[in-house]
Amino acid sequence: MLEINYIKANREEVLKGLKKRNLSTEVLGYVDKIIMLDGKRRALIGKIEESKSEVNRLSKEIGELFRTGQAKTTESAEKAIAGKEMVTELKRMITGYEKKLSKIETSIQNHLYELPNVPNSLVPSGAGEDDNEVFKKVSGELPTPGGDGLPHWELGIKYKLFDFKLGTKITGSGFPVFTAKGAALQRALISFFLDKAIKAGYTEIIPPLLVNEATARGTGQLPDKEGQMYHAEKDNFYLIPTAEVPITNIYRDDIVNAAEMPIKMVGYTPCFRREAGSYGSDVKGLNRVHQFDKVEIVQIANPDNSYDQLTEMLSHVEGLLNDLNLPYRILRLCGGDLGFTSALTYDFEVWSAAQKKWLEVSSVSNFETFQSNRMKIRYREGTEKPRLVHTLNGSALALPRIMAAMLELNQTSEGIRVPEVLVPYTSFDLIQ
RNA sequence: GGUGAGGUGGGUGAGUGGCUGAAACCACCGGUUUGCUAAACCGGCGUACGUGGAAACGCGUACCGCGGGUUCGAAUCCCGCCCUCACCGCCA
């Protein structure tokens, strides 16, 4: 959620930035609407507080009359009664103002919820994913798969690594069951990613996988993206779509010390996504599933250097992909494809050698104060007033598509080779 | 699932319906004293919104789990909700 004061002070920039997102003129109009409503809001608050101040003054006066016993004399008694009547009248007026105020505030709030984050100046304009800027690409030819060049879902069957039919039996489609060396490989990747993050200074977190409404609201899954999450209705808990949700919320309503920043956290969790309404070859195999594993890195950063931290996170993710020898490219998302809450996002895609297409495996973003404003995560520099922190996060990495690309690329006529860095974790180097 | 207790500032913890934004202590920050450290002493020490100011800061309003009610006036009384803790039962 954008800050009203920011919108007011930077109206032109906000409008210019938001235009990159291809918003309707109606939504763009919210900017001025919010500024207008905020003016009305202030005027009303002024009136209300003036009246309340008068009520407090009168109440004190009446109290004084009673306390000192003066109210027993006729003159003072009349004064007290007159005071009471005035307070009653004032309160009636206040109630009226407050009703108006609450309507205006709700309206401001609703409009603010509709406004996405202002894209960073680096964000290219564009309508959708075809307009994303290729920020970094592999040098040379894209590798071709060895062996029979099977897609990963066939490799999964051939080597008994994962089983979709079994998942359907137990739960439903999109819930793969990993078995034997497939399971071991999965576990190896998780441990490898975690260890790398810990070495890079991240603190490991194992958060709850179910979160309450306040938490889901904090990172912006609620109110609009309700359909994305599984909901345990009886207890009103949501299954997390990403570890970002519980981990970022650790600091909800907190004021952290500037010296503690950047706060770097990493968490492995399963992620649950309902992803209603997607069909076709994009969802085949591990390309898109309802439950998947992911290692997520989260940072709470000082606004002064949050973009340095973003760069640091990019290199971290690059390091992982290099270690696994997977060909990848980095996209800088354009305004049309940029997530609602993000100011700048880089997507990492790995090459699926058998499917001959790019698969998104990581999304690294700086949300600036968009999330922290909603969650009220602030920091204090010395004795200064608290200011909102910047929040950042990135996948490091999402497992299924890494698994897919890795299996396809490393297949040979003898079997599937395990990347060297994973062998200490798997204790086998070939899947036969 | 059953029963009981309780939710006050960073922490512990007082608080009679008006003098309580809230005692006291601890922590923290600044200072004085002091061979050094420590101790002692003095002072400061919440947040949000509104308003004035270049700023320092001043003024106003709100906040003692959340929401509502009673009252001229509520941390204090009443109602609803949420949460926490303890014990019992069940259980990985």
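To find a chain, count down the sequence lines: A is the first, B the second, and so on, and within it residues start at 1.
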* OP1 or OP2 of B:rU51 less than 4.0 angstrom from a side-chain nitrogen or oxygen of A:R42, does that happen here? ->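 A:R42 to B:rU51 OP1/OP2: side-chain N or O found under 4.0 Å.
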Do any N or O atoms of the protein come closer than 3.5 Å to N or O atoms of nucleotides 70-74 of chain B, and which pairs are they?
| residue | atom | partner | partner atom | Å |
| --- | --- | --- | --- | --- |
| B:rC72 | O2' | A:S59 | OG | 3.1 |
| B:rG73 | OP1 | A:K91 | NZ | 2.4 |
| B:rG73 | O4' | A:S59 | OG | 3.4 |

* Asked: Do the side-chain N and O atoms of A:S363 and A:D347 include a donor-acceptor pair separated by under 3.5 angstrom?
  ->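 A donor-acceptor contact under 3.5 Å links the two side chains.
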* More 5' along RNA chain B: A:R41 or A:E54, using each one's nearest nucleotide? ->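 By nearest-heavy-atom nucleotide position, the 5'-most residue is A:R41.
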* To do: For A:K385 and for A:S53, find the nucleotide of RNA chain B with the closest heavy atom, then tell me which residue's nucleotide is more 5'.
  =>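 Nearer the 5' end of the strand: A:K385.
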* **Partners meeting side-chain hydrogen bond (donor to acceptor under 3.5 Å, both in side chains) with A:R380 (sequence neighbours left out)** =>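 With neighbours one apart ignored, the set is empty.
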Those residues that, when tested against [X], pass ring-ring contact (aromatic ring centres under 6.0 Å, His included) (two or more places apart):
X	answer
A:F428	none
A:Y30	A:H111
A:Y202	A:H316
A:Y328	none

* Inter-nucleotide P distance (B:rG80, B:rG4), Å rounded ->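 Looking at atom P only, B:rG80 and B:rG4 are 15 Å apart.
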* Asked: Going by heavy atoms closer than 4.0 Å, what residues in residues 371-381 of chain A are next to RNA chain B?
  ->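 Correct list: A:R378, A:R380.
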* Involving RNA chain B, stems made of at least three consecutive Watson-Crick or G-U pairs, both distances under 3.5 Å ->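 Looking at RNA chain B, the stems formed by three or more consecutive pairs are B:1-7 with B:82-88, B:10-12 with B:24-26, B:28-32 with B:40-44, B:46-52 with B:57-63, B:65-69 with B:77-81.
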Donor-acceptor contacts, no H, no angles, side chain residues 258-271 of chain A, under 3.5 Å, sequence neighbours left out:
| residue | atom | partner | partner atom | Å |
| --- | --- | --- | --- | --- |
| A:E260 | OE2 | A:N257 | N | 3.2 |
| A:K264 | NZ | A:A200 | O | 2.8 |
| A:K264 | NZ | A:E312 | OE2 | 3.1 |
| A:Y268 | OH | A:D293 | OD1 | 3.0 |

* Structure fact -> 5' to 3', nucleotides 75-85 of chain B under a 4.0 Å protein heavy-atom cut-off (B base, S sugar-phosphate only, - none) gives -----------
* **Residues forming a salt bridge (charged side-chain N to carboxylate O under 4.0 Å, His left out) with A:E114, sequence neighbours excluded** =>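 Checked A:E114 against salt bridge (charged side-chain N to carboxylate O under 4.0 Å, His left out); zero matches.
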Nearest-Å distance for atom pair [atom1]/[atom2], residues [X] and [N]:
X	N	atom1	atom2	value
A:L101	B:rA62	CG	C1'	12 Å
A:D253	B:rG10	CG	C1'	15 Å
A:K52	B:rA62	NZ	P	5 Å

Protein and nucleotides 15-17 of chain B: nitrogen or oxygen contacts under 3.5 angstrom:
none

